[in-house]
Colleague: 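Provided herewith is a single structure, encoded as structure tokens, for subsequent inquiry.
Naming: A, B, ... by sequence-line order, numbering from 1 per chain.
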Amino acid sequence: MANTPDYSWPPMDARKIMGKPYKRLDGPQKAAGRAKYTSDLKMKDMLFAAYLTCPHAHARITSIDTGAAEKMNGVQAVLVIAEAGKELQWHGQEVAAVAATTEEVAREAILKIKVAYEVLPHFVNEADLAKAASRGKAAGEKVTGDPEKAIQDAEAVSDGVYGIPVITHCCLEPHGCVIQWQGDQVMAWPSTQFVTGWAGTLAPNLKVPAANIKVKMDYIGGGFGSKFSPGAWAEVGARLSQKAGGKPVKIFLDRASEQQIPGNRPSAFGKIKIAGKKDGTITAWQSDTWASGGFAGGGQPPLPYVYTNIPNTRLNHVSVSVNAGPSQAWRAPNNQQASYLTCSAIEDFAAKVGVDPMVVFDKNAGYTPRAEQYQYQLKKAAELSEWSKLWKPRGSQTGAVRRGLGIGVNAWGGAGHACEARTTINPDGSVLLEMGTQDLGTGTRTIMTQVAAETLGLQMGQIKLAIGDNSLPPGGASGGSTTVGGASSATRKSGINALAKLFEAAAPALSAQPEDLEAVDGTVRVKSDTKKSMSWVAACKKIGPGGKISETGANEQRNPMGLNSGGAAGVQVADVSVDTETGLVKINRYVAVQDCGLIINPRLAESQIYGAIIMGISTALFEERIMDNLTGRMMNSDMEFYKLAGIKDIGDIVVHLDIREVNDKRGVIGLGEPPAIGICAAVGNAVANAIGVRVPNMPMSPMHVLNTLEGRNA
Amino acid sequence: MQSFAYGNPATIQEALALLAAKWGEADVLAGGTDLISLMKEHLHTPKRVVNIKNIKELEGIQKTDAGIRIGALVTLDELAKNADVKAAAKSLSDAAAAIPSAQIRHMATVGGNLCQRPRCWYYRQGFGLLAMKDGKSMVPDGANQYHAIFGGGPAYFVSPSSLGAALVALGAKIKLVSAKGPREVPAASFFVAPQDETSREIALHPDEILTEIVIPAGAVRSATYEVRQREVLDWPLVTASVVLHMRGNVVASAKVVMGYVAPQPWDSAEAAKAIAGKAITAETAEAAGKAAVASAQPLSQNAYKVTLARVAVKRALLEAAKQKV
């Protein structure tokens, strides 16, 4: 066995394709509407499914009669999901589903299903922990050092109350799939973040071998953590298909269900005490937090965030069960809540001791796992936000409209997941790169093509890429910002492995040893004598007619060989103006300084950060699930009162990607999540800085801001 | 959506023949920006939909000696861009221009803006216009952050018309026609607070069509100030429309009407009285704003709207005072 090939990335200055800002290869198709998302699919004989959902927040079904629905013209299958006797735990939970020849018939049919409910008591608002009573489940207290003594001995102690509400996933393409179950064969077109694993999760539910489930997805209209598993709808769709004689069924959640069923970002509330010295040095942390992620409770933010090594800490947490839909990973699960609680408390401590928060975040950087990195970033963020010019001490401003600046920090892993790729080189010189991964809209297609082209010494157009099919080499789940590291490493390795075979075929013609060859600029040539070269096509001809080279490569998480790694830090600064008469908050500028590894495509990397910030500003200014205590319902399960930011609401975004050789050497690190983490923190801090008082509850809506300014917070 | 018959009349008379004496039988379709979603949610299940977009007499804006006539089919975009309306009724022009989005402004009509149904989430989720449960409205103890701060019930929704407050302040007349003939209703009486679940929130009868609006002639200063959370597609939290008749630098008489604070545009005689006989300054405008909300009755979650209404009135007055007429 030969030595392990050298898979390492070409040096930064030697790269020809990687590191260049290529536009998304699928951009034109998407912009023109030619890219077909699963929810766009239309097939011959396809049926449409619709759900009947529970109108009560908590109820037991006493009877269910589907007779009238089944008799309707056009109805092909009716499936009872919750039988009589079943207890339902939230408004919007699935009761039954219908598949019909048209969407209209399906929707009409569900209204004909007669269900009788025994309505049971509900509890839907966890903001007031005192009212949660037996619905709260305490996690064990965690203590480090001696927080009592540290607080007693402190020169200053700040107290704060903070809350960040449940927000819902709002993918442009809702959750669902098209699925066809005929005999023991299932064909599925899901909208998923995990094409490779989809069949294996569904198979036991259908009692069909995973090998018999074919999965294909070209484009996904957003996932953000909410589309890993097939979801209950895949099984429901499959059963409807089977009942309807094997016709394909399109089952997608409507917008109201989309915000109730497939999972949300849990809330987090906390009473936090920080103690320290008058110069801003923190010596102790004490937090009593609670949160809810739905009926199952859940959602415990890791505290204190980033400043993990504060020496004396006491942590208590209560998980509250409410009659509402479940939680689901949401672009850096628990980290946004943790960043909001931590950064808000640090800012309040800074205000208490009268020290510039930029100084306090910097002075305590020793408590973070990467002090130098955070200090470098704080400095950079201060510079880009003109902190020293624009920042004024809290409460020092007058006038109706006041400007404020605030800081939010982030930390994330982002090392590559396990993933495989296969590179095929044909005798005509054409190249096929195959992998079972998926492009979430992040640019996976584009950057994997860049990696393959760079590795093989070819141009972008010479690589054909196939993804989104579970018959391809296995990809990982696109979550945790792990795709770019995993998929690029696998692509690199399969490319190098394929090249080794090509060099074996071409070497005799160049009178050289295979290991002395390299593929550069569309040629295969001798490293030590580059005049000895042949064109790529001529080299591929040496494979011989009827033959082809097909080599796989896999990223191994335990041994990424320097191709990828984890650990990214970030510092962000929000610059806001608050109209203190109306409570309206406007973003003037938002600065994001992001630590990164090797950047394959700076345009798409920046684009990830823009997207994260737009999403984060939306959560900081507008988004909250509004639950009604009386009906137990989510009152805003729509795009009308569940408010998402539009482009005019965002303000200017300034991104600084820390592309330096020292970072490049760390290999590829995922960027999807970290820049989305600290935005509520930064915006909330900026508002507090502007108006002189902490608005405890996100989002920074006129209601919350005015309630604070006018002393109406309970 | 329930199946329905579709009428496509070319004249008002043909259209009227397709309407019915009772609500629920037929619905009038113009821009469709509200009706379609009402039908999809089964809140309206008309047996017949009567498309009036082919009726030419309902189109156009004309300036006459009596004032400005605005046809019911005029789109919000046309209204916002019309020079006569801008000159004579800036408050109305601005209110139309502020409505997001461009798509809505191009589809939605003036008549539809006045006849659209409330956005109250209890109503939209099928709990009825008054959201009654066990003989009592759920709103005062429920999720009421966007609900009324005036009126005292039993209706707590807010009128969804962005033009309503401006029209009431301008003293506009609304023309309605039925098979029995035309009638004219002051804008102030067009919007009503229903007292029971079966009543409507507008004075239109089920067998009538809204044909036009007339803004009376006369030189006035007017302004609309809107507090809206998002720049993009969103409803105002509160609006204030003011009309000033000036005598020199002093307000001879004024109209101050707030939107999104009650089931109908809320005409504040107190605010008008507070500013009458005075020059508009930061202090007098502030005092008028305070007077406007002196009798507000906020619900459990919407006290912030009292502040917004006060500020909107103040800012609308200051803006109107800057105008030259």
Colleague: Highest number of heavy-atom pairs under 4.5 Å with chain A: which of B:Met138, B:Met1, B:Lys40?
Modeller: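 The residue among B:Met138, B:Met1, B:Lys40 with the greatest pair count is B:Met138.
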
Colleague: Roughly how far apart are B:Ser3 OG and A:Glu104 CD, rounded to 0.5 Å?
Modeller: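 Between B:Ser3 OG and A:Glu104 CD, I get 8.5 Å after rounding to 0.5 Å.
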
Colleague: Are side-chain heavy atoms of A:Leu630 and B:Lys133 found at a separation under 4.5 Å?
Modeller: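 With C-beta onward as the side chain, the pair stays apart.
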
Colleague: Side chain, backbone, both or neither: which part of B:Tyr122 has a heavy atom under 4.5 Å from chain A?
Modeller: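 Backbone plus side chain of B:Tyr122, per the 4.5 Å heavy-atom cut-off to chain A.
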
Colleague: Under 4.5 Å, heavy atom to heavy atom, which residues of residues 631-648 of chain A contact chain B?
Modeller: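 At a heavy-atom separation under 4.5 Å, chain B is reached by A:Thr631, A:Arg633, A:Met634, A:Met635, A:Asn636, A:Met639, A:Glu640, A:Phe641, A:Lys643, A:Leu644, A:Ala645, A:Gly646, A:Ile647, A:Lys648.
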
Colleague: For a quick test of your reading: what N or O donor-acceptor pairs under 3.5 Å do the side chains of residues 90-98 of chain A make, sequence neighbours left out?
Modeller:
| unit_1 | atom_1 | unit_2 | atom_2 | d |
| --- | --- | --- | --- | --- |
| A:Gln93 | OE1 | A:Gln89 | N | 2.6 |
| A:Gln93 | OE1 | A:Trp90 | N | 3.4 |

Colleague: Find the distance between CZ (A:Arg712) and CD (B:Gln301) and round it off to the nearest 0.5 Å.
Modeller: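 That separation rounds to 12.0 Å.
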
Colleague: Take B:Arg315 and A:Asp579, measure what salt bridge (charged side-chain N to carboxylate O under 4.0 Å, His left out) needs, and give me the verdict at the end.
Modeller: CA-CA 13 Å; B:Arg315 291 184 181 184; A:Asp579 184 333; 2.7 Å; yes

Colleague: Counting only non-hydrogen atoms closer than 4.5 Å, does B:Arg124 touch chain A with its backbone (N, CA, C, O), its side chain (CB onward), both, or neither?
Modeller: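 Neither part.
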
Colleague: Report the distance from atom CG of B:Leu237 to atom CG of A:Leu584, rounding to the nearest 0.5 Å.
Modeller: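 Between B:Leu237 CG and A:Leu584 CG, I get 7.0 Å after rounding to 0.5 Å.
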
Colleague: Test side-chain contact (heavy atoms from CB on, under 4.5 Å) on A:Lys586 and B:Glu231; report intermediate values, then the result.
Modeller: CA-CA 10 Å; A:Lys586 299 280 178 205; B:Glu231 294 283 343; 3.2 Å; yes

Colleague: Flag yes if more than 12 heavy atoms outside A:Asn73 fall under 6.0 Å of its CG atom; otherwise flag no.
Modeller: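 Open: at most 12 neighbouring heavy atoms sit under 6.0 Å from CG of A:Asn73.
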
Colleague: Using non-hydrogen atoms and a 4.5 Å limit, figure out which bit of B:Lys305 sits close to chain A: side chain, backbone, both or neither.
Modeller: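 When you check distances to chain A, no heavy atom of B:Lys305 falls under 4.5 Å.
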
Colleague: Could you please spell out the steps behind the side-chain contact (heavy atoms from CB on, under 4.5 Å) verdict for B:Trp121 and A:Ile626?
Modeller: CA-CA 11 Å; B:Trp121 44 35; A:Ile626 298 171; 3.7 Å; yes

Colleague: I need the B:Arg310 CZ to A:Glu581 CD distance, nearest 0.5 Å.
Modeller: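 Here the interatomic distance stands at 7.0 Å.
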
Colleague: Hey, could you give me the OG1/CG distance between B:Thr307 and A:Asn707, rounded to the nearest 0.5 Å?
Modeller: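 It is 8.5 Å, given to the nearest 0.5 Å.
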
Colleague: Would you check if the side chain of B:Gln229 reaches a backbone N or O of A:Leu621 as a donor-acceptor pair within less than 3.5 Å?
Modeller: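 Looks like yes, one N/O pair under 3.5 Å.
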
Colleague: Can you tell me which portion of B:Asp141 sits under 4.5 Å from chain A's heavy atoms? Options are side chain, backbone, both or neither.
Modeller: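 Both backbone and side chain.
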
